[in-house]
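Note that this is a predicted model, so its numbers are computed, not measured. Order of the sequence lines fixes the chain letters, A, B, ..., with proteins taken first and strands second; residue numbering starts at 1 for each chain. Basis for what follows: all heavy atoms, side chains included, without hydrogens, waters or symmetry-related copies.
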Amino acid sequence: MKLAKSFFIRENVTVIARQLLGKVLVSNINNQITSGMIVEVEAYSWKERGSHAFKGMTKRNEVMFDTGGYAYVYLCYGVHEMFNVVTNEKGKADAILIRALEPLFGIETMLNRMNTDSPIRITSGPGKLARAMAIDRKLNGEDLMMNKIWIEDQGIKIERSEIVSSARIGIDYAGEDALLPWRFTIKGNKWMSKPST
DNA sequence: TACGTGATCACG
DNA sequence: GTGATCACGTAA
């Protein structure tokens with residue numbers, strides 16, 4: 001069943017991030033349905049330097065300041081689309097970057113989009129999973145209560161002992177905030193963005 | 001380890 | 001206007 005607004009409009013972004021592990025991200029784009037279980041996420045709070053929202057609202061990050069439950073999609077390095085879930089109440093610009101999925105449904109569609117024959121690691125990284133699920137900037141600001149992108153609870157429960165936390169990837173510019181252990185993965189899951197350590 | 005790639009943002 | 005920068009991915 002589809003996660004409701006109340007799931008996203010909560011205060012503690014790291015709690016929500018942990019709870020997203022095991023949930024299922026679904027997209028329905030051009031009548032192609034694809035889905036995958038979330039196995040890796042990173043939490044971002046507007047109060048720390050790692051977040052795009054730290055310096056305040058801009059045209060790009062505007063949706064982060066809205067109420068939770070919207071998609072924040074932006075272009076990174078001129079090449080990769082990155083999909084985030086906005087959380088917290090209006091004005092508190094938290095977001096969670098979805099970094100890796102275990103493909104569940106529509107794998108043929110994903111293979112076509114990735115231009116490959118091998119289903120190995122087609123969604124193991126934020127840029128790759130966005131491409132595999134056809135999520136791009138046109139979906140920035142999309143309401144996750146609608147029928148293009150949403151997140152489902154399919155009853156998969158990830159125990160606390162199965163969750164590994166570590167520093168977030170690629171945010172050296174954030175200084176000491178780069179050390180926050182706000183990257184969460186499912187222990188030993190082979191679909192995560194980097195070989196497990 | 002290097003670099004493509006182009007939007008974005010902080011300057012003026 | 002302009003230039004530095006960037007929440008990656010791939011090749012080597």
Side-chain angles (χ1 to χ4, degrees), chain A residues 8 12-14 16-18 20-21 25 36 38-66 68 70-88 92-103 110-142 144 149 151 164-186 189-197:
Chain A
F8 302 104
N12 192 323
V13 68
T14 61
I16 303 172
R18 287 170 174 275
L20 280 177
L21 295 175
L25 177 65
I38 298 169
V39 303
E40 177 178 345
V41 297
E42 283 176 0
Y44 289 87
S45 161
W46 87 105
K47 294 179 181 174
E48 46 87 17
R49 301 192 70 85
S51 171
H52 287 169
F54 180 72
K55 294 176 186 166
M57 189 188 295
T58 65
K59 186 154 191 174
R60 178 177 68 162
N61 67 21
E62 188 177 10
V63 69
M64 294 179 74
F65 289 81
D66 209 328
Y70 291 98
Y72 169 47
V73 187
Y74 69 95
L75 185 69
C76 184
Y77 295 105
V79 181
H80 306 108
E81 314 275 350
M82 308 283 268
F83 171 68
N84 297 252
V85 176
V86 175
T87 70
N88 216 331
K92 297 182 176 178
D94 290 345
I96 297 165
L97 172 67
I98 309 300
R99 288 190 56 89
L101 302 173
E102 176 171 337
M110 293 194 235
L111 291 175
N112 287 336
R113 289 169 179 160
M114 299 305 283
N115 196 25
T116 181
D117 292 332
S118 167
I120 306 301
R121 288 192 304 220
I122 51 173
T123 51
S124 60
K128 289 160 75 177
L129 77 86
R131 180 177 165 196
M133 309 231 6
I135 297 170
D136 61 23
R137 282 162 291 164
K138 290 193 296 294
L139 293 170
N140 184 44
E142 184 71 16
L144 301 183
I149 328 175
I151 299 176
V164 177
S165 61
S166 56
R168 295 169 294 176
I169 305 293
I171 56 162
D172 291 345
Y173 60 85
E176 63 184 11
D177 289 334
L179 302 175
L180 291 170
W182 284 9
R183 175 184 182 225
F184 303 102
T185 61
I186 297 177
N189 189 281
K190 67 177 181 181
W191 297 94
M192 54 193 285
S193 66
K194 286 185 145 179
S196 71
T197 54

Just how far, in rounded Å, is C1' of C:dC8 from CD1 of A:Ile98? 16 Å
Interatomic distance, A:Tyr77 OH vs B:dT8 P [rounded to whole Å]: 16 Å
What is the distance, to the nearest angstrom, from the CG atom on A:Leu97 to the C1' atom on C:dC6? 13 Å
A:His52 NE2 to B:dA7 P, straight-line distance once rounded to whole Å: 16 Å
Does A:Tyr173 place a side-chain N or O at less than 4.0 Å from the phosphate oxygens OP1/OP2 of C:dT5? no
Answer yes or no: is there a donor N or O on one side and an acceptor on the other, between the side chain of A:Tyr70 and the main chain of A:Val85, under 3.5 Å? no
Among A:Lys190, A:Arg183, A:Lys128, salt bridge (charged side-chain N to carboxylate O under 4.0 Å, His left out) partner for A:Glu40: A:Arg183
Please test A:Trp182 against A:Glu42 for side chain to side chain contact (heavy atoms under 4.5 Å, CB included), starting from the C-alpha separation and ending with a verdict. CA-CA 6 Å; A:Trp182 284 9; A:Glu42 283 176 0; 6.0 Å; no
Would you check if the side chain of A:Arg99 reaches a backbone N or O of A:Phe184 as a donor-acceptor pair within less than 3.5 Å? no
Check the distance between C:dA7's P and A:Trp182's CH2 and give it to me in whole angstrom. 16 Å
I'd like a table of atom pairs between the protein and nucleotides 9-12 of chain C - only N or O on both sides, under 3.5 Å - with the distance next to each one.
| from | atom 1 | to | atom 2 | distance (Å) |
| --- | --- | --- | --- | --- |
| C:dG9 | OP1 | A:Pro126 | N | 3.4 |
| C:dG9 | OP1 | A:Gly127 | N | 2.6 |
| C:dG9 | OP1 | A:Lys128 | N | 2.8 |
| C:dG9 | O4' | A:His80 | NE2 | 3.2 |

Which listed nucleotide (B:dA7, C:dA7, B:dC9) is nearest to the side chain of A:Ile171? C:dA7
A:Lys55 NZ to B:dC11 C1': how many Å, rounded? 12 Å
Go through the steps to decide whether A:Leu20 and A:Ile98 satisfy the test side chain to side chain contact (heavy atoms under 4.5 Å, CB included), and finish with yes or no. CA-CA 9 Å; A:Leu20 280 177; A:Ile98 309 300; 4.3 Å; yes
Identify whether any heavy atom of A:Arg60 sits under 4.0 Å from a base atom; if not, whether one sits that close to sugar-phosphate; answer base, sugar-phosphate or nothing. sugar-phosphate
Which residue pairs pass the side-chain hydrogen bond (donor to acceptor under 3.5 Å, both in side chains) test when at least one of the two sits in residues 79-88 of chain A, sequence neighbours left out? A:Glu81-A:Arg137, A:Asn88-A:Asp94
By centroid distance (under 5.5 Å) and plane angle (under 30°), are A:Tyr74 and B:dA7 in a stacked arrangement? no
Interatomic distance where CD belongs to A:Glu81 and P belongs to C:dC6 [whole Å]: 19 Å
Distance in angstrom units between A:Trp46 CH2 and C:dA7 C1', rounded: 19 Å
Starting at the 5' end of DNA chain B, write a dot or bracket for each base, bracketing those in Watson-Crick or G-U wobble pairs whose two distances are under 3.5 Å and using | for partners on another strand. ||||.||||||.
Do A:Ile149 and A:Leu144 have side chains that get closer than 4.5 Å, going by heavy atoms? yes
Minimum side-chain heavy-atom gap A:Phe8-A:Val86 below 4.5 Å: no
Counting C-beta onward and ignoring hydrogens, is there a side-chain heavy-atom pair between A:Tyr72 and A:Met82 closer than 4.5 Å? no
